[in-house]
Amino acid sequence: MLAEITALLFSVIALALSAWLYVSSVANRSALVRTQRLEAKAEALQVQLGVLKKSLQEQQEKMAAVPAPEKGRPAVVSDAVTIADWNNNAKLKELLVKHGYGGTGSVPKGKQAAGQ
């Protein structure tokens, strides 16, 4: 009777070990498949990154080739000064002077021709 219980106990232990090994091998296989998928995605993203880097480099080269804007006030402020002078807008002129952008702007050629 003791031999049968011992044999049964070893059989249960063997069955439990084989089930545990099967489950762990399935888990290892699924982890391997997941890893391979992630590596494939990483490679695809590296290719996209390479394309974006090349595009960025081309844009930087184009920007480096463009001459720098004129020194002094920004173009938007220059346009605002020109418009203020062109329309003789006292409030806008006052606001520009208040922020240190006073002075005369260039009058557009259309206005010069119309004024003469």
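Starting from 1, each residue takes its place in the sequence as its number.
- Atom CD of Glu39 sits about 10.5 Å away from atom CD of Gln46, to the nearest 0.5 Å.
- One finds the NZ atom of Lys62 at 7.0 Å from the CD atom of Gln59 (value rounded to the nearest 0.5 Å).
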Evaluate Val81 against Asp85 for side chain to side chain contact (heavy atoms under 4.5 Å, CB included), listing each step before the verdict.
CA-CA 6 Å; Val81 169; Asp85 288 340; 3.8 Å; yes

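- The CG atom of Leu49 sits 13.5 Å away from atom CD of Glu43, with the distance rounded to the nearest 0.5 Å.
- Atom CD of Gln36 sits about 13.5 Å away from atom NZ of Lys41, to the nearest 0.5 Å.
- Side chain of Ser55 to main chain of Val51: no donor-acceptor pair is present (N/O by atom type, distance under 3.5 Å, no hydrogens or angles).
- The two residues Ala84 and Leu96 have their closest heavy-atom pair at CB-CD1, 4.2 Å.
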Tabulate below the donor-acceptor pairs under 3.5 Å that side-chain atoms of residues 9-24 make, not counting sequence neighbours, or state none.
residue	atom	partner	partner atom	Å
Ser11	OG	Ala7	O	2.8
Ser18	OG	Ala14	O	3.2
Ser18	OG	Leu15	O	2.9
Ser24	OG	Trp20	O	3.2
Ser24	OG	Leu21	O	3.0

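- Closest heavy-atom contact between Leu92 and Asn89: N-OD1, 3.2 Å.
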Assess whether side chain to side chain contact (heavy atoms under 4.5 Å, CB included) is satisfied between Arg29 and Leu32, documenting all intermediate values.
CA-CA 5 Å; Arg29 177 68 184 155; Leu32 178 66; 3.4 Å; yes

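- Every residue two or more places apart in sequence or in another chain was checked for a side-chain contact (heavy atoms from CB on, under 4.5 Å) with Leu52, and none qualifies.
- Separation of atoms CD1 (Ile83) and CG (Asn88) is listed at 14.0 Å; rounding is to 0.5 Å.
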